[in-house]
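Okay, so here's the structure we're looking at.
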Amino acid sequence: MNTPQDSSLGREVDYPRQYDASLLFPIPRAGARAEIGLDGELPFVGEDRWHAYELGWLDARGKPCVATATIRVPAASPNLIESKSLKLYLNSLNSSRFNRPEAVRERIATDLSACAGADVAIEFGLPPMLPAPGQSIDHLDVDIDCYGPPDPGYLLADGGGEVAETLHSALLKSNCPVTGQPDWASVSIRYRGPRIDREGLLRYLVSYRDHAEFHEQCVERIFNELLQCCRPTQLEVEARYTRRGGLDINPRRATPGFGASPAIRDLRQ
């Protein structure tokens, strides 16, 4: 089985002592997408961008090497890669010898591609840490009393002229669907179309606070509900989640043809 409950999440797992690609756990995307009406052609393109801060291995003579890395899993892949399994897999490389760093990169790319069911790209290094672009909506003076389930009824857009803007909030929180542990993120919404009501948008994002869903699935839900309720002609949603176990994830979804924003790391990452 490949359900979240079958993964290593919430279980005590021994530290891996040797390389083991079987530690990687794929979770099919189709089920969660069908729940929000995405059971046909996807309305978005994008990727799940992982930042790895604790990558290590041994060189050919046994000397430890360390690096950081950026991993890109395409949103069109049939599977997402469960986060704890990715952490355990990367840890399994710590005692493995490689003749050159490029061999490490190739090994990881091959194994993650097999897990995701599509080509996964990996490069050493991380994007720059920069303030979020656009305007924050977190200063808005609003009353909020809905913390779940996510309520798209808050999403409104006026019928006036088209605008192009980027809005962001550091108040996105959801919970792991297996362990119940909190997941914290900043979310950026870049769009062109009818002006989105900012107070409603903030209330909507806060309504994820008690919601249990994987990071990737939350971003796809936000994207789809913004697209359905506010009718932008172009839309990009990216959530930059805080680090856990030496990894953070940054799912990004955008309408086809809407150029991607530059990859950055959030100040909390």
Side-chain angles (χ1 to χ4, degrees), residues 3-5 7 9-10 27 29 31-38 43-44 46 48 80 82-84 131-158 165-191 194-232 235-245 247-253 266-269:
T3 66
Q5 289 71 25
S7 73
L9 272 173
I27 296 177
R29 300 185 191 266
R33 287 175 173 172
E35 290 179 7
I36 58 173
L38 299 180
F44 54 70
D48 304 328
L80 61 84
E82 190 275 311
S83 60
K84 186 173 181 179
Q135 295 179 286
S136 172
I137 60 174
D138 294 344
H139 67 282
L140 296 174
D141 186 15
V142 296
D143 294 326
I144 297 178
D145 58 9
C146 176
Y147 306 107
D151 187 355
Y154 289 122
L155 294 174
L156 302 169
D158 66 35
E165 63 179 359
T166 299
L167 305 175
H168 64 86
S169 172
L171 303 185
L172 180 63
K173 172 194 168 290
S174 56
N175 301 306
C176 173
V178 178
T179 66
Q181 293 299 304
D183 297 320
W184 305 89
S186 297
V187 60
S188 290
I189 295 164
R190 182 170 64 99
Y191 74 97
R195 186 182 301 276
I196 294 174
D197 178 77
R198 297 183 180 190
E199 292 187 1
L201 177 60
L202 183 59
R203 290 189 175 97
Y204 168 72
L205 294 174
V206 173
S207 74
Y208 278 78
R209 194 169 181 83
D210 292 335
H211 179 63
E213 201 168 37
F214 286 122
H215 315 80
E216 301 94 325
Q217 296 164 352
C218 285
V219 171
E220 293 185 359
R221 184 182 294 272
I222 293 169
F223 178 94
N224 193 52
E225 292 181 343
L226 278 168
L227 198 66
Q228 296 298 318
C229 295
C230 298
R231 301 294 180 181
L235 175 65
E236 179 188 59
V237 176
E238 179 176 9
R240 294 181 287 275
Y241 282 85
T242 57
R243 196 183 317 178
R244 181 177 293 176
L247 294 167
D248 66 52
I249 186 173
N250 308 260
R252 181 186 62 82
R253 303 293 184 266
D266 190 78
L267 298 179
R268 292 191 295 169
Q269 294 179 314

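At a threshold of 4.5 Å between non-hydrogen side-chain atoms, the residues Pro232 and Leu227 count as touching. Within the 4.5 Å cutoff, the side chain of Ile222 has heavy atoms near those of the Tyr204 side chain. A heavy-atom distance below 4.5 Å is found between the side chains of Leu201 and Leu155.
Residues satisfying the ring pair (Phe, Tyr, Trp, His ring centres under 6.0 Å) criterion with His211, sequence neighbours excluded, are Tyr208. Under the salt bridge (Lys or Arg N to Asp or Glu O under 4.0 Å) criterion, Arg209 pairs with no residue, sequence neighbours left out. Shown here are the salt bridge (Lys or Arg N to Asp or Glu O under 4.0 Å) partners of Glu35, two or more places apart in sequence or in another chain: there are none. In this structure, Glu225 has no salt bridge (Lys or Arg N to Asp or Glu O under 4.0 Å) partners at least two apart in sequence or on a different chain. Taking the side chain to side chain contact (heavy atoms under 4.5 Å, CB included) definition, one finds that Leu140 meets it with Ile137, Val142, Arg198, Glu199, Leu202, sequence neighbours left out. For Arg268, the salt bridge (Lys or Arg N to Asp or Glu O under 4.0 Å) partners at least two apart in sequence or on another chain are Asp266. Under the side chain to side chain donor-acceptor pair (under 3.5 Å) criterion, Asp210 pairs with no residue, sequence neighbours left out. For the ring pair (Phe, Tyr, Trp, His ring centres under 6.0 Å) test, residues two or more places apart in sequence or in another chain that qualify with Phe44 are Phe223. Ala212 is linked by a side chain to side chain contact (heavy atoms under 4.5 Å, CB included) to Pro177, counting only residues two or more places apart in sequence or in another chain.
Nearest heavy atoms, Ala239 versus Leu172: CB-CD2, 4.2 Å.
Distance OG/Ser207 to CG/Leu205: 7.5 Å, rounded to 0.5 Å. Residue Ser186 holds its OG atom at 10.0 Å from CG of Asn250, rounded to the nearest 0.5 Å. A distance of 4.5 Å separates SG of Cys218 from OH of Tyr241, quoted to the nearest 0.5 Å. One finds the CG atom of Asn175 at 12.5 Å from the CZ atom of Phe214 (value rounded to the nearest 0.5 Å).
The list of side chain to side chain donor-acceptor pair (under 3.5 Å) pairs with a residue in residues 214-224, not counting sequence neighbours, reads Arg33-Glu220, Glu213-Arg221, Glu220-Arg253. Residue pairs meeting the salt bridge (charged side-chain N to carboxylate O under 4.0 Å, His left out) criterion with at least one partner in residues 149-158, sequence neighbours excluded, are absent. Within the structure, the salt bridge (charged side-chain N to carboxylate O under 4.0 Å, His left out) test picks out the following pairs touching residues 176-186 (sequence neighbours left out): Asp183-Arg244.
A donor-acceptor pair under 3.5 Å is formed between the side chain of Tyr191 and the backbone N or O of Ile196. With hydrogens and angles ignored, the 3.5 Å screen pairs a side-chain donor or acceptor of Arg243 with a backbone N or O of Gln269.
A salt bridge (Lys or Arg N to Asp or Glu O under 4.0 Å) with Asp48 holds for exactly one of Arg240, Arg29, Arg252; it is Arg29.
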